[in-house]
Protein chains: 2
Amino acid sequence: MDRKNVADLENEGPGTGTLGKAMSVLEAVATADRPQRFTDILQTVRQPRGTLHRLLGHLVDEGLLVQRGDLSYEPGLRLLKLAYSSWSGNQFRDVAEPHLLNLHELTGETVHLGILRETEIIYVDKVESRQTVRMSSQIGKASPAYCTGIGKAALSSLAQSELQRIAAKMHFIPFTDRTHRSATSLLAEIEEIRREGHAFDREEHEAEICCVAAPIVVPEHELVAGISVTGPSYRVTMTQLAIWAADVRNSARQIEEEVRIRLGPGRGGG
Amino acid sequence: MDRKNVADLENEGPGTGTLGKAMSVLEAVATADRPQRFTDILQTVRQPRGTLHRLLGHLVDEGLLVQRGDLSYEPGLRLLKLAYSSWSGNQFRDVAEPHLLNLHELTGETVHLGILRETEIIYVDKVESRQTVRMSSQIGKASPAYCTGIGKAALSSLAQSELQRIAAKMHFIPFTDRTHRSATSLLAEIEEIRREGHAFDREEHEAEICCVAAPIVVPEHELVAGISVTGPSYRVTMTQLAIWAADVRNSARQIEEEVRIRLGPGRGGG
DNA sequence: ACACGGTGTTCCACATATTGGAACAACTGC
DNA sequence: GCAGTTGTTCCAATATGTGGAACACCGTGT
């Protein structure tokens with residue numbers, strides 16, 4: 001068990017030998033919102049010039065980066081293709097999907113599926129509200145756990161020690177005036193969420209947006225996730241959310257069960 | 001110019017030193033439709049046991065793979081997160097987006113944006129048909145160029161020599177009875193597409209599904225892409241598609257122009 | 001109990017890919 | 001032309017990865 005804990009180095013770690021350096025370069029380019037030139041990357045990733053240069057060459061060879069005419073680097077398409085493969089082959093997502101659709105049919109609002117990864121929630125699937133314009137596949141998007149319904153729901157299902165370890169690592173950013181500002185207030189709400197079995201997001205991450213979420217736990221897969229119904233507060237009242245809460249919990253429980261059956265304890269098969 | 005051509009090794013190449021091996025392992029796991037055990041991977045990727053074992057360790061350390069309780073490996077969430085970063089920061093997609101929405105408003109059908117990468121089209125954005133049920137973000141999905149509207153449109157904008165080079169690499173799989181079965185028949189149609197300025201998919205990739213597409217070319221970025229309007233043939237007739245063709249060409253031209261303006265020849269900025 | 005075929009894991013002498021400082025080139029503005 | 005960028009190349013030192021072989025483990029069948 002000398003495997004480094006990924007999340008410990010989450011934000012720019014030295015990395016695992018050659019591969020680690022390559023990944024941190026890749027991340028630097030992918031995270032940037034504009035094509036990066038050699039010098040830009042040099043400043044982000046602290047590596048000797050020669051080293052970085054060769055590394056970039058390799059990344060281009062692999063199709064992970066593309067070098068444009070003006071010598072700047074952009075993420076290549078291989079990354080997208082690779083992510084699609086892993087996404088579409090994800091069994092958990094596959095099992096959960098019909099339940100998301102169900103919930104969407106029932107509520108008419110947007111339904112999210114997200115997985116907890118240390119302090120953040122990563123969205124892995126989404127069914128849009130009927131009224132939505134933008135397709136905005138925010139699949140792969142990461143949001144803080146402390147201010148999202150799925151995040152808080154997922155956190156509530158952790159053992160207290162684990163919860164505290166993770167809470168200690170959070171940086172509380174006040175997105176709105178209802179966002180939790182400290183671990184103390186978050187932990188207090190978690191207590192309540194544990195009793196109720198579901199969590200609300202009362203415009204804590206984004207103004208005018210609220211949701212109700214329930215945790216999904218599959219110990220056999222060390223998986224802590226959540227499912228939620230989200231809507232604009234002018235249309236979706238807290239009363240309405242409270243009514244939907246039971247349905248959300250229900251879907252979550254069904255997903256848990258089906259995951260256990262289909263990816264059962266024995267062989268993992270689909 | 002001793003940079004290897006990515007596509008030449010597209011299907012399982014030895015790869016660029018260490019990084020190449022790591023990527024081929026990652027791809028093996030991501031492509032598989034079920035969790036892969038050590039031995040499974042060993043057979044896919046031809047590497048010595050010791051080497052592979054260490055490599056898997058590194059990939060897990062980096063969060064690119066996750067090892068489950070039964071020792072099998074799955075793609076990790078970092079890949080998805082990374083892909084989202086690169087996708088949402090993609091300037092070409094960003095510029096094209098409103099035009100996709102326009103086209104969707106106009107037609108009511110599904111609109112796709114795809115980029116040509118050697119013999120295949122990789123979808124980078126999508127606006128769904130109003131009637132669609134499934135969210136199915138097929139972003140990142142790769143389809144053969146020879147049997148898709150976007151693919152053929154994109155191919156038609158290549159120089160003849162380049163077109164022939166790529167056509168020679170294709171493997172013609174007869175998805176339906178209307179699918180091109182040889183480079184000869186494909187190239188013949190390409191001639192026609194060049195004259196018209198748009199391409200049709202007449203149920204060539206999937207039965208009951210057809211589309212009309214136009215090429216998008218941005219030489220400054222070495223980018224060959226396409227945009228399309230797709231629908232089920234019972235609802236979207238060829239006559240209808242022919243009418244929409246002008247709109248699709250129009251959108252394509254607007255995107256080309258806007259890309260040139262916004263990502264202009266000088267500095268690449270957003 | 002024992003041998004067996006199959007897993008995944010560890011070890012270590014060897015080879016090589018990576019390292020990173022420094023020199024080089026190309027372009028830019030003064 | 002000179003100073004200040006930028007990106008690129010070179011190469012001896014060495015850290016890193018290599019891969020064959022031995023190891024430990026776990027069920028199975030005899």
Side-chain angles (χ1 to χ4, degrees), chain A residues 1-4 9 13-26 28-29 32 34-62 64-74 222 264-269, chain B residues 1-4 9 12-26 28-29 32 34-62 64-74 220 222 264-269:
Chain A
M1 186 60 79
D2 58 352
R3 207 96 287 176
K4 261 173 296 187
L9 336 157
T16 315
T18 309
L19 180 62
K21 294 194 186 71
M23 289 306 299
S24 80
V25 170
L26 183 55
V29 177
R34 53 158 73 214
Q36 296 287 97
R37 284 172 326 194
F38 184 83
T39 317
D40 299 329
I41 305 172
L42 193 62
Q43 284 164 346
T44 310
V45 186
R46 298 222 167 279
Q47 292 287 330
R49 300 164 70 79
T51 302
L52 178 60
H53 192 262
R54 177 174 32 77
L55 211 39
L56 285 168
H58 287 171
L59 287 165
V60 170
D61 284 347
E62 285 299 320
L64 295 169
L65 292 181
V66 173
Q67 189 166 24
R68 312 194 319 173
D70 64 344
L71 300 185
S72 65
Y73 295 88
E74 283 180 327
E222 295 172 28
R267 302 288 97 204
Chain B
M1 186 59 83
D2 58 351
R3 208 96 287 177
K4 262 173 295 184
L9 339 154
E12 326 312 328
T16 315
T18 308
L19 180 62
K21 293 194 187 71
M23 288 306 299
S24 83
V25 170
L26 183 55
V29 177
R34 53 157 76 212
Q36 296 286 98
R37 283 171 324 185
F38 184 84
T39 316
D40 298 330
I41 305 172
L42 192 64
Q43 283 165 343
T44 310
V45 186
R46 299 226 168 274
Q47 291 288 328
R49 300 164 68 78
T51 302
L52 179 60
H53 191 261
R54 178 174 32 76
L55 212 39
L56 285 168
H58 288 172
L59 286 166
V60 170
D61 285 346
E62 285 299 318
L64 294 169
L65 291 181
V66 172
Q67 189 165 23
R68 312 194 319 176
D70 65 343
L71 299 185
S72 66
Y73 295 88
E74 281 180 328
E220 298 91 321
E222 296 174 25
R267 302 287 96 203

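Numbers restart at 1 for each chain; the letters A, B, ... are given by sequence-line order, proteins then strands.
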Euclidean distance, atom [atom1] of residue [X] to atom [atom2] of [N] [Å, nearest integer]:
{"X": "B:R37", "N": "C:dG8", "atom1": "CZ", "atom2": "C1'", "result": "11 Å"}
{"X": "B:H53", "N": "C:dC12", "atom1": "NE2", "atom2": "C1'", "result": "16 Å"}
{"X": "B:D40", "N": "C:dT7", "atom1": "CG", "atom2": "C1'", "result": "11 Å"}
{"X": "A:L59", "N": "C:dA17", "atom1": "CG", "atom2": "P", "result": "17 Å"}
{"X": "B:L56", "N": "C:dT7", "atom1": "CG", "atom2": "P", "result": "15 Å"}
{"X": "B:D70", "N": "D:dC25", "atom1": "CG", "atom2": "C1'", "result": "16 Å"}
{"X": "A:L52", "N": "C:dA17", "atom1": "CG", "atom2": "P", "result": "20 Å"}
{"X": "B:Q43", "N": "C:dG6", "atom1": "CD", "atom2": "C1'", "result": "12 Å"}

**Q.** Minimum heavy-atom distance B:A28-B:T44, with the two atoms named
**A.** CB-CG2, 3.9 Å
Q: Choose from D:dT6, C:dT18, C:dG8 the nucleotide whose nearest atom is closest to any side-chain atom of A:T39.
A: D:dT6
(Q) Which nucleotide wins on minimum distance to the side chain of B:Q67, given the candidates D:dT9, C:dT9, D:dG17? (A) C:dT9
Q. Listed by chain and number, what are the side-chain hydrogen bond (donor to acceptor under 3.5 Å, both in side chains) partners of A:S72, not counting sequence neighbours?
A. A:R68, A:D70
Does the side chain of [X] reach to within under 4.5 Å of the side chain of [Y], using non-hydrogen atoms?
{"X": "B:R37", "Y": "B:L71", "answer": "no"}
{"X": "A:E62", "Y": "A:H58", "answer": "no"}
{"X": "B:L55", "Y": "B:Q47", "answer": "no"}

Collect all protein-nucleotide pairs involving nucleotides 20-22 of chain C in which both atoms are nitrogen or oxygen and the distance is under 3.5 Å.
none

Out of curiosity, [X] [atom1] to [Y] [atom2], how far, rounded to the nearest 0.5 Å?
{"X": "A:D61", "Y": "B:L19", "atom1": "CG", "atom2": "CG", "value": "9.0 Å"}
{"X": "A:T18", "Y": "A:R54", "atom1": "OG1", "atom2": "CZ", "value": "8.0 Å"}
{"X": "A:R34", "Y": "A:E74", "atom1": "CZ", "atom2": "CD", "value": "12.0 Å"}

Q | Per-nucleotide protein contact string for nucleotides 25-30 of chain C (B base, S sugar-phosphate only, - none; heavy atom under 4.0 Å) | A | ------
Q. Taking only side-chain nitrogens and oxygens of A:T18, does any of them come within less than 4.0 Å of OP1 or OP2 of C:dA17?
A. no
(Q) B:I41: which residues meet the side-chain contact (heavy atoms from CB on, under 4.5 Å) condition with it, sequence neighbours left out? (A) B:V25, B:V29, B:Q36, B:V45, B:L52, B:L56, B:Y73
